[in-house]
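In what follows, a structure is listed as structure tokens, so that the remarks can point back to it.
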Amino acid sequence: MNRMTRDQMAARVAQDIPEGAYVNLGIGLPTKVANYLPQERDIFLQSENGLLGMGPAPAAGDEDWELINAGKQAVTLLAGGSFFHHADSFAMMRGGHLDICVLGAFQVSVHGDLANWHTGEPGAIPAVGGAMDLAIGAKQTFVMMDLLTKQGTSKLVDVCTYPLTGLGCVSRVYSDLAVFDVGPGGATVIEMVEGLTIEELCRLTGVRLAHAGETEAA
Amino acid sequence: MNRMTRDQMAARVAQDIPEGAYVNLGIGLPTKVANYLPQERDIFLQSENGLLGMGPAPAAGDEDWELINAGKQAVTLLAGGSFFHHADSFAMMRGGHLDICVLGAFQVSVHGDLANWHTGEPGAIPAVGGAMDLAIGAKQTFVMMDLLTKQGTSKLVDVCTYPLTGLGCVSRVYSDLAVFDVGPGGATVIEMVEGLTIEELCRLTGVRLAHAGETEAA
Amino acid sequence: MIDKSMRDAAAAVAEIQDGASVMIGGFGTAGMPDQLIDALIDRGVGDLTIINNNAGNGEAGVAALIREERVRKIICSFPRQSDSHHFDAAWRAGKIELELVPQGNLAARIQAAGAGLGAIFTPTGYGTELAQGKEVREIDGKHYVLEYPIRADFALIKAQQGDRWGNLVYRKTARNFGPIMAMAAATTIAQVGNIVELGSIDPEVVVTPGIFVQRVVEIASANTHALAA
Amino acid sequence: MIDKSMRDAAAAVAEIQDGASVMIGGFGTAGMPDQLIDALIDRGVGDLTIINNNAGNGEAGVAALIREERVRKIICSFPRQSDSHHFDAAWRAGKIELELVPQGNLAARIQAAGAGLGAIFTPTGYGTELAQGKEVREIDGKHYVLEYPIRADFALIKAQQGDRWGNLVYRKTARNFGPIMAMAAATTIAQVGNIVELGSIDPEVVVTPGIFVQRVVEIASANTHALAA
């Protein structure tokens with residue numbers, strides 16, 4: 001089967017972001033989605049440190065370290081963008097004004113619970129940042145992740161074992177092997193990579209999966 | 001005895017407003033205080049409809065009806081003033097950032113309760129505006145009022161009979177006959193107009209009054 | 001290309017239906033979106049819940065909505081003014097419901113809605129009849145009243161300038177409730193003195209970012225007038 | 001004449017005592033008031049409670065305060081970064097207390113303090129370990145956690161320009177926590193790139209009105225630098 005590359009995953013997520021959407025792309029992998037948004041679409045990127053209408057990275061040497069994103073990388077601002085303080089910025093998120101938030105994850109449950117902020121390992125310094133606000137604030141929360149850990153364990157699970165970021169907040173999971181809808185009714189497979197079967201996907205994940213347009217598969 | 005005029009009362013209040021104070025002057029009589037603030041003092045007038053650094057009324061014909069005070073009168077803005085929205089404006093008040101608020105009153109209790117928004121008469125349309133926010137927000141709330149109604153009833157009372165605006169919020173009362181401190185310990189006379197005695201003041205108000213620097217009088 | 005600008009006020013308010021809740025900006029006449037309100041009246045919808053600081057002045061704006069009997073309920077802080085005779089008459093006739101809210105609670109509840117809070121403990125109104133029946137709590141020696149967010153289906157506001165992405169700047173004390181109502185309504189409709197090119201509003205001075213605004217209509221207004229005495 | 005400008009950073013922080021609670025603006029290095037923090041370190045006070053989004057990066061700013069063991073407790077959202085080794089060492093040695101707050105709750109609690117609210121029901125954190133032991137409530141079908149205001153004795157912030165009345169404007173994303181911290185501290189001290197004549201900041205574009213600022217000090221800063229990788 002053809003595992004998707006990270007860039008392919010980013011391109012796949014970008015397809016589902018419609019013109020006019022207000023979007024927050026989380027730190028790490030989701031940041032890549034910006035590279036695949038069609039230039040002809042007006043899509044508004046928000047960064048929770050206080051900017052809306054975020055543009056691409058500046059050319060090397062042109063960085064302004066007072067114009068950064070939440071990952072503390074230098075960015076630019078599009079014409080029509082704006083700056084605001086942290087309370088207004090999180091009001092955008094928590095008040096339900098963002099359409100889509102794309103986040104990475106350690107685990108997502110078939111019911112949409114998210115674990116992405118802390119491994120819970122003893123001695124690990126906990127750090128949450130805006131993760132919990134992002135998870136529960138947007139109208140739709142998408143997760144982008146490899147479906148399996150390096151050890152082959154599924155990150156789509158029945159019940160998260162890592163500390164939770166938010167309950168029932170994820171609506172869709174884009175992974176390197178398949179795209180799933182998750183929610184109160186459980187997980188549904190929307191797409192799979194070529195060469196993968198629903199039976200194989202059930203075996204890999206160990207969770208009950210419905211198949212879009214078909215009856216429940218396992 | 002020499003009853004103070006409204007302008008004398010306003011001048012008396014103005015004396016107690018120090019340089020650097022952030023002040024809201026309520027609608028009606030308190031507005032007059034602005035006329036008596038010494039020009040050489042930087043005193044910052046706030047109006048709850050979204051301006052700080054309010055200046056005097058414009059010359060007739062120069063009114064800008066988008067530059068008004070809470071009483072909906074045309075005003076001006078001093079150099080160094082600013083505009084802001086209603087939530088920030090009431091945050092100034094409710095968050096304890098204003099030093100002094102000067103309000104009119106129907107009644108003030110010796111313990112500092114204030115009634116100034118509603119007579120409670122059947123059929124009267126209730127209207128509160130910012131009165132309750134102003135009463136409880138500032139570090140000090142001053143009341144300016146005639147001590148007696150036209151019928152000769154004291155407006156300084158043991159217990160307010162009109163609907164309350166705020167509990168224990170007034171610290172000082174400037175009236176046409178005397179100035180009082182009010183609060184948990186009851187009312188204390190700070191000053192009286194010439195020709196008035198503490199005994200006469202007790203008789204007029206019918207409340208127990210201490211006299212500043214003296215033992216309790218009645 | 002996203003262009004939130006609308007042809008005219010009628011098009012801007014065309015989605016407002018009977019029974020909608022509608023925030024209306026303005027403090028007195030400053031910031032009152034008169035032309036949007038006129039368009040709403042012309043649209044003929046009724047049974048509205050209106051959220052505004054006042055309950056109408058004179059004949060225009062909110063007063064006209066009330067005169068035309070389009071308002072089922074009004075949430076406001078100061079309905080009694082010398083020229084609020086249309087509210088007065090409707091209220092005395094039992095034709096309009098009034099929810100009286102202290103002005104700071106009104107602002108805070110609108111802001112809470114925009115920010116996604118579930119409820120707030122507010123200092124204003126404790127011990128008064130406007131807190132009767134409400135949950136109260138003593139926190140760090142001070143008394144508070146529990147108040148809930150005020151949100152709305154629509155907000156009609158007035159700004160000085162806007163662009164096609166909905167960014168707004170205001171003028172002087174006409175700003176008042178505009179920025180917080182824009183954040184608390186599902187659909188915010190702004191009438192602006194002029195629509196400018198994208199990018200011509202300095203990103204540092206945008207007061208309402210476009211995310212909070214869904215429709216913009218250019219209306220070269222006459223100057224704001226005084227309230228009748 | 002009111003003039004809130006101070007001679008230098010040392011004079012600006014001269015009232016901060018042992019045991020004070022101090023908000024410090026900045027998100028990463030943007031908006032971090034480095035020179036005020038240096039002055040605070042030079043002042044020699046300790047046992048501080050620091051409120052900042054992070055727990056220090058590299059060697060400057062909050063990291064230096066922690067390295068010098070001046071911080072008893074830190075309230076922040078994101079203490080773990082590649083270059084937060086001073087916090088890391090202090091925390092592992094049990095020398096510093098950490099109150100971890102989701103970033104949106106941090107902003108909302110600071111804003112609530114400035115606005116005089118007693119507490120807020122916030123949507124973030126419900127069902128997670130960061131809400132353990134906290135009061136929760138279901139309101140209109142959604143779940144919320146009760147959170148209390150965060151206020152402080154002092155706020156140290158950085159702005160682009162200021163005037164002698166304390167009005168401030170910021171630069172780009174260096175704005176971040178500055179405006180809300182200024183509202184939540186009893187004494188707010190701002191370092192600004194330059195102090196301008198009263199009236200030269202347009203009243204429409206003032207972000208932080210002077211009422212929220214008690215001290216202003218002009219510090220021609222070097223450019224803000226990147227975080228260490």
Side-chain angles (χ1 to χ4, degrees), chain A residues 17-24 37-55 64 66-68 75-101 130 132-139 141 166 169, chain C residues 1-5 23 107-120 149-153 155 159 161-170 178-188 195-216:
Chain A
I17 299 181
E19 174 146 81
Y22 288 89
V23 181
N24 185 298
L37 296 173
Q39 297 245 339
E40 69 278 10
R41 281 189 212 157
D42 276 349
I43 289 171
F44 308 102
L45 298 182
Q46 193 249 20
S47 189
E48 64 265 33
N49 56 314
L51 73 164
L52 182 65
M54 185 167 61
D64 176 346
E66 290 188 339
L67 177 48
I68 59 174
V75 295
T76 53
L77 191 77
L78 303 178
S82 55
F83 298 111
F84 32 84
H85 64 54
H86 242 78
D88 279 348
S89 189
F90 278 83
M92 285 183 193
M93 198 177 289
R94 295 151 55 106
H97 306 282
L98 289 175
D99 296 297
I100 296 169
C101 178
M132 289 188 180
D133 305 285
L134 285 160
I136 58 101
K139 294 192 184 93
T141 299
C169 54
Chain C
M1 189 183 99
I2 292 296
D3 184 356
K4 300 181 180 179
S5 67
M23 292 180 168
R109 292 172 64 187
I110 292 170
Q111 188 176 44
L117 299 180
I120 54 176
I150 299 176
R151 48 179 67 82
D153 300 320
Q161 288 192 327
D163 64 27
R164 67 178 170 88
W165 283 1
N167 293 303
L168 302 179
V169 292
Y170 301 82
I180 56 173
M181 287 183 171
M183 297 174 72
T187 300
T188 292
I195 295 181
V196 298
E197 278 298 302
L198 202 66
S200 63
I201 304 177
D202 180 348
E204 300 282 8
V205 312
V206 168
V207 174
T208 296
I211 188 172
F212 299 124
V213 178
Q214 284 67 45
R215 314 264 178 274
V216 181

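Bear in mind the structure is a predicted one, so any value in this text is a computation, not a measurement. A, B, ... follow the sequence lines: proteins, then strands. Residue 1 opens every chain.
The ring-ring contact (aromatic ring centres under 6.0 Å, His included) test applied to A:Y22 returns A:F44, not counting sequence neighbours.
Residues C:P203 and A:L77 share a closest heavy-atom pair of CB-CD2, 3.4 Å. The two residues A:A91 and C:M183 come nearest to each other via the heavy atoms CB-CE, 3.7 Å. Closest heavy-atom contact between A:A79 and C:G199: CB-CA, 3.9 Å.
Within the 3.5 Å criterion, the main-chain N or O of C:G114 finds a donor-acceptor partner in the side chain of A:H97.
Inter-residue side-chain proximity for A:M92 and C:P209 is flagged as met; some heavy-atom pair is nearer than 4.5 Å.
With a 4.5 angstrom heavy-atom cutoff, A:Q46 does not touch chain C via any of its atoms. Both the backbone and the side chain of A:L98 come within contact range of chain C, each with at least one heavy atom under 4.5 Å from a heavy atom of that chain.
Within the structure, salt bridge (Lys or Arg N to Asp or Glu O under 4.0 Å) pairs that include any residue of residues 75-90 of chain A do not occur (at least two apart or interchain).
With rounding to the nearest 0.5 Å, the separation of CG in A:L52 from CH2 in C:W165 is 8.0 Å. The CZ atom of A:R41 sits 11.0 Å away from the CD1 atom of C:I2 when rounded to the nearest 0.5 Å.
The neighbour count for C:E197 CD, taken as heavy atoms of other residues, nucleotides or ligands under 6.0 Å away, does not exceed 12.
Using a 4.0 Å cut-off between charged nitrogen and carboxylate oxygen, A:D42 and C:R164 count as a salt-bridge pair.
Contact tally against chain C (heavy-atom pairs below 4.5 Å) for A:A87, A:S82, A:G20: the top residue is A:S82.
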